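Note on naming: letters A, B, ... go to the chains in the order of the sequence lines (proteins, then strands), and numbering restarts at 1 for each one. Quick caveat, the model's predicted, so the values are computed rather than measured. FYI, side chains are in, hydrogens and waters are out, and symmetry mates aren't considered; it's all heavy atoms of this structure.
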Amino acid sequence: MSTKNRFIFSLILSLSMLIEMITKPLFNIGLPWHPWSMFVLTSGIMAVSAWPFIKSAWAAFLNHHANMDTLIAIGTGVAYIYSIYAAFNHQPVFFEVAALVITFILLGQVLEEAAKGKASGAIEKLLELQSKDAEVLKKDIWVKIPLSEVSINDLIRVRPGQKVAVDGVITEGDSALDESMLTGESMPVLKKVGDSVIGSTINKNGTFIFKATKIGEDTLLSQIIKLVKHAQTSRAPIQKLADKISNVFVPTVLIISIITFVVWYVFLNASLITALLYAIAVIIIACPCALGLATPTALMVGVGRGAKMGILIKSGEVLEAANDITAVVFDKTGTVTIGKPVVTDIIGDEKQVLEVAASLENVSEHPLSLAILDYAKKLSIEIKSISDFTATQGEGVSAILNNQKAFVGNSKMLNNIRLDENLTKEMQRLQDEAKTVVIVGLNNQAIGLIAIQDAPKETSFKAIEKLKSKGLRTIMITGDNQRVAEAIAKRVGIDEVIAEVSPKDKSEHVKSLQQQYKVAFVGDGINDAPALATSNLGIAMGSGTDIAIESGDIVLVKNNLEDVVTALSLSQKTFNRIKLNLFFAFIYNTLGIPIAAGVFISFGIILNPELAGLAMALSSVSVVTSSLLLNKSKLD
Amino acid sequence: MDKIIILIIALLLIGFIMWWFFSKRKTDAIEAKIKNNTQEVEIVVSGGYTPNIVVLQKDIPAKIIFNRKDTSNCFNEVVFPDFGIKEQLPINEAFPIEIDTKNAGEYQYSCGMNMFHGKIIIK
């Protein structure tokens, strides 16, 4: 019988006894054939609703274990058996205690199950994202096959509105894709030939074909699910105390209950019934449910919420580490900055300068050329044909364009040409901002400048500002020269720069920073693996499919620095919620037991067994509710 | 007089509880049976996990078959935190869980609320 049915059964049977509790003292109307009617009703509850508790308690007892079922079974069993004895001897009975305690505890379990179902929903939601089938090219025909039959290098067609089946690279067509389910990014992302697509994302408008590169357990979605599952089942170190206590808790409660009985009956000369009721109340209130639920439910909700935003927290230990971070160290390239050079300024006639530069650079393979070509493409600049192209190492390129001699390069290309006053001034300014400046010349004259830099991401400034407002020291570590590093740091507001560090020395620097701070290291997860591992908290940033799940404690699916702030905030909130839950559970038991034992009777505070049962049920429900509220708490 | 009897009974009861629950008990480790390069072991779930300690051989694919006889909510789930496994156990039904035996070591598992514990040792 399900918990719910057991609850309904015991509710129906105990209802008349509940009514009698009110009508008896007020109108002196009781159940007919008292106490034998109560005996029959309660026996029904004990046999049907309480039986699983008794069975489990007995099985545990044989294994030298005791659990909450032990407490429920002994508490209600004592009330029930004593009442039978009392009924035969024409003494007052308290069958209703056993009946109502069972009803309340089952009510608590029903509510708890419903709430726990909500808390563990994240994994199910992720699994639902999975596409069921894929349209694959087989012998020149497009056929729909189940997802499990897709193999690597299959060509898969995706129409508008359809889900991308597995991870892959677009080979034909382009489209906007909604990746929000995995990255939390609300804007659709434009993808063209050569771009990678992620399984389970949704194709918005165009039809495209892609080649499957990762299938089955290797897809990003599968990796995320695995990670989330792992994190949700992990234990936070703070829980260890609770674990230790739970092992000895139940037997200790039984001993306290016996002592309560003896003190009341033998030393305080209370009646047998009073002493028994105190002893039973102690047993019932002490059920350690709330203690057992405190950590796993909060972890489940916190980690699940992170996963929905593309923030993957790897374990409960990570939460604790995130809580006492005092400094955040960033890798520069690809973390604070975009990771590839882009055109930031153009001095002179923008169209003309770009036209000349792009036409010349079109045949060059220099990384800076790519930046210029990208920018020209964005502004739809026409690329003209050139002749007599020459490239001079370390200087620049020159060619004939429209019968005029043109060049793009550094100051060594100038020869006899002089920069005018304005260009000289601008060049100095741009170089002070640590930008690489190229001069564009036409017809023996410098016509303009193009400044190129690996620019900070738009989100970097805001993220750093938020971290600083939390009182964290921000540090950037890079292999770049001091000037470039400082210019970038100044633009995004980073406190401290450690420049000219070779990749393998990064972890050494993290180590020395650790003497002063608890360090979180934010890096791309591929080159920075040693630094990520050395730091107190490694945050690996990925972009789409290339996430290096192994290397970080927290993995950010999106390439957005603001997620660092959100991740820290979520970790802290979850950890604090675990602490709050544990605190509440401990307080509840440490305060509840003496109250139930009648220690505070002189203050008029007492707790009868029925109320103890209700309080016990509500305590676990409130802990689960507190965990669920994590879904609603505000994140920075 | 009856109060003295009750006092004595109470003390005996406390003594029994301490002896029954707190005294150290030796639990025997059971080794999994190897057949056709896979190893299997059955664990009965009833008021605890029996056998409580299971020994698996390293690098041989392993299956732990849980057989849950206990209907208590306490045993709804079984959790292996080191392996990221959390499964609902059906009642009166054999439920196999595959264990990765690549890394030797001792791994604790527990019920969903971490009240009951068992251990697997991979050698």
Task: Which of A10(B), S110(B), P81(B) touches chain A most, by non-hydrogen pairs under 4.5 Å - done: P81(B)

- [ ] Give the intermediate values and the outcome of side-chain contact (heavy atoms from CB on, under 4.5 Å) for residues I6(B) and F261(A).
- [x] CA-CA 10 Å; I6(B) 280 181; F261(A) 177 79; 3.8 Å; yes

Open item on the list: Heavy-atom cut-off 4.5 Å, strictly under: side chain, backbone, both or neither for S315(A) against chain B?
Closed with: neither

TODO: Check whether Y109(B) gets within reach of chain A through its side chain, its backbone, both or neither, counting any heavy atom under 4.5 Å.
DONE: neither

TODO: Please examine the side chains of L7(B) and Y265(A), heavy atoms only from C-beta on, and report whether any two atoms are closer than 4.5 Å.
DONE: no

Task: V266(A) versus chain B, the contacting section by heavy-atom distance below 4.5 Å - done: both

Open item on the list: Could you measure the distance from the CG atom of D69(A) to the OG1 atom of T71(B)? Nearest 0.5 Å is fine.
Closed with: 8.5 Å

Open item on the list: With a 4.5 angstrom heavy-atom cut-off, is it the side chain or the backbone of F83(B) that approaches chain A, or both, or neither?
Closed with: backbone

- [ ] Heavy atoms only, distances under 4.5 angstrom: which of Q109(A), K229(A), H65(A) has the most pairs with chain B? Name it, please.
- [x] H65(A)

Task: Straight-line distance of L13(B) CG to I258(A) CD1, nearest 0.5 Å - done: 4.0 Å

Task: Contacting moiety of D2(B), where chain A heavy atoms sit under 4.5 Å - done: side chain

- [ ] Sort F61(A) into side chain, backbone, both or neither according to what part of it lies under 4.5 angstrom from a heavy atom of chain B.
- [x] both

Open item on the list: Taking the side chain as everything from C-beta on, heavy atoms only, tell me whether K86(B) gets closer than 4.5 Å to H230(A).
Closed with: no

Open item on the list: Just so I understand: if I count every heavy-atom pair under 4.5 Å between each of W20(B), F80(B), F75(B), F22(B) and chain A, which residue has the most?
Closed with: W20(B)

Open item on the list: Are there over 12 heavy-atom neighbours, none belonging to E98(B), within less than 6.0 Å of that residue's CD?
Closed with: no

Task: S23(B), part contacting chain A, at a heavy-atom distance under 4.5 Å - done: neither

Task: L11(B) versus chain A, the contacting section by heavy-atom distance below 4.5 Å - done: neither

- [ ] With rounding to the nearest 0.5 Å, note down the distance linking NZ in K69(B) to NZ in K55(A).
- [x] 10.5 Å

Task: Exceeds 12 heavy-atom contacts within 6.0 angstrom, atom CZ of F16(B) - done: yes

Open item on the list: Nearest 0.5 angstrom please: L254(A) CG to I17(B) CD1, how far?
Closed with: 5.0 Å

TODO: Indicate yes or no: at least one non-hydrogen side-chain atom of N269(A) is less than 4.5 angstrom from one of K3(B).
DONE: yes

TODO: Report yes or no: does N63(A) contribute a side-chain atom to a donor-acceptor pair with the main-chain N or O of S46(B) at less than 3.5 Å?
DONE: yes

